[in-house]
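Structure, as structure tokens:
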2 protein chains.
Amino acid sequence: MLFSKACHYAIRAALYISSRSENIVPIREISDELEISFHFLTKILQQLTRHHILTSLKGPKGGVGLNKPAEEISLKSIVLAIDGQDFFEGCLLRLDKCSDAHPCPIHDEWKPVRRQLLNFLESTTLDQFQSKVKSKKFRMKV
Amino acid sequence: MLFSKACHYAIRAALYISSRSENIVPIREISDELEISFHFLTKILQQLTRHHILTSLKGPKGGVGLNKPAEEISLKSIVLAIDGQDFFEGCLLRLDKCSDAHPCPIHDEWKPVRRQLLNFLESTTLDQFQSKVKSKKFRMKV
DNA sequence: TCCTTTTAAGACTAATTTGTCTTAAATATA
DNA sequence: TATATTTAAGACAAATTAGTCTTAAAAGGA
Ligand code: FES
Ligand code: FES
């Protein structure tokens, strides 16, 4: 699959958080709504917090929230925070690093396709889905 | 990453095999040339053989070879043989199955991007790389 | 026929990813 | 200030993926 399971969870949670009007949402609410293990999700969201994509607040009324406007949070930034750069700089054949200087045989054909994928991840931001998520007409679990 | 490690190995090996003019190439030669563990590679290539992408021959002068013309072996068929359908029918959020009937919030935006990816995998076949691989000017390992 | 070479099959181990659990630290509020 | 609530951190366990090793089966050639 494209990304790790943790990364998919992160994207789902980010969509959910960004659709809630409250600044701060308890992780327990997210894990209940999305049916993701609370502890595992907590660990994943901590990474987003460390990458300053989310903020967090301890104690009663605590939880996590977006650390910047939804239109400034791209899918790419989430993938980068959870899965690292492998996806972005990796060679299709898993050779050391994709590079124009030392290309593998598929490099020329793969590059434009990857470019489109990156464009999608870069240009796609959380705000684009807020109304869809709020409408509750779209699957967020199972 | 896009595919499993085994799948990347399979693609590399398939490229190598298709570039050799001999019908049959010993797996030991492939594993030496591509610096992939012989036993692991053997297991992976067995899957391609079971999926009728390769043929194999035991004994002296044995090895593996393409089971059909290189232009009929797409990257998609290799990915399918090794990693299964997950990549092709999976939802970007890892929900049960991507479907137009029960879409997730990202479905509409993701679908065309995935379509391009699938087009690439479907339309890209081994014959397109034979001369590049033969020229030995392109990285096949490390 | 017998020996050697090579793939097939599958048990086994190692590494990585995923998931669980416990304890600590922070904070709102009574 | 004391208590309850919530995230942070990290040890630990389970599951999956990656990789190793041994033995069997097939096939060519002496
Ligand atoms: S070097 Fe392989 S895809 Fe660029
Ligand atoms: S249902 Fe999620 S991408 Fe189609």
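Fair warning: this is a prediction, and the values are worked out from it, not measured in the lab. Residue numbers start from 1 in every chain, and the chains themselves are labelled A, B, ... in the order their sequence lines are given, proteins ahead of strands.
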Find out whether L45(B) and I30(B) are in side-chain contact, i.e. whether some heavy atom of one side chain is under 4.5 Å from a heavy atom of the other. yes

Sub-4.5 Å side-chain heavy-atom contact between V79(A) and F88(A): yes

Distance in angstrom units between [X] [atom1] and [N] [atom2], rounded:
X: E29(B); N: dT7(C); atom1: CD; atom2: P; answer: 10 Å
X: I17(B); N: dT7(C); atom1: CD1; atom2: P; answer: 10 Å
X: L48(B); N: dA8(C); atom1: CG; atom2: P; answer: 11 Å
X: M1(A); N: dT18(C); atom1: CE; atom2: P; answer: 11 Å
X: R94(B); N: dT16(D); atom1: CZ; atom2: P; answer: 12 Å
X: K61(B); N: dA26(D); atom1: NZ; atom2: C1'; answer: 17 Å
X: I30(B); N: dT6(C); atom1: CD1; atom2: P; answer: 13 Å
X: I44(A); N: dA8(D); atom1: CD1; atom2: P; answer: 13 Å

Selection: residues 34-42 of chain B, any non-hydrogen atom under 4.0 Å of DNA chain D: S37(B), H39(B), F40(B)

Classify the ring geometry of F40(A) against Y9(A): parallel below 30°, tilted from 30° to 60°, perpendicular beyond 60°. perpendicular

For the pair F120(B) and W110(A), name the ring-plane relationship: parallel under 30°, tilted 30 to 60°, perpendicular over 60°. tilted

L126(A)/Q130(A) under side-chain contact (heavy atoms from CB on, under 4.5 Å): CA gap, chis, key distance, verdict: CA-CA 7 Å; L126(A) 296 184; Q130(A) 286 172 330; 5.7 Å; no

Give the nucleotide from the list dT7(C), dT5(D), dT29(C) with an atom nearest to the side chain of K58(B). dT7(C)

NZ of K61(A): more than 12 outside heavy atoms within 6.0 angstrom? no

So does [X] get a side-chain nitrogen or oxygen closer than 4.0 Å to the phosphate oxygens (OP1/OP2) of [N]?
X: R50(B); N: dA8(C); result: no
X: K5(B); N: dG19(D); result: yes
X: Y9(A); N: dG19(C); result: yes

Might you work through the side-chain contact (heavy atoms from CB on, under 4.5 Å) test for S19(B) and K134(B), ending with a clear yes or no? CA-CA 6 Å; S19(B) 80; K134(B) 277 181 194 162; 4.2 Å; yes

Looking for any heavy atom pair under 4.0 Å, which part of the strands does L57(A) touch: base, sugar-phosphate only, or nothing? sugar-phosphate

Sorted by number, residues from residues 18-28 of chain B placing a heavy atom under 4.0 Å from DNA chain C are P26(B), I27(B)

Using distance alone, with no hydrogens and no angle criterion, decide if D100(A) and H107(A) have a side-chain donor and acceptor under 3.5 Å apart. yes

Do you see a donor-acceptor pair shorter than 3.5 Å between the side chains of T49(A) and Q46(A)? no

Measure distances between side-chain N and O atoms of K43(A) and base N and O atoms of dT18(C), and say whether any donor-acceptor pair falls under 3.5 Å. no

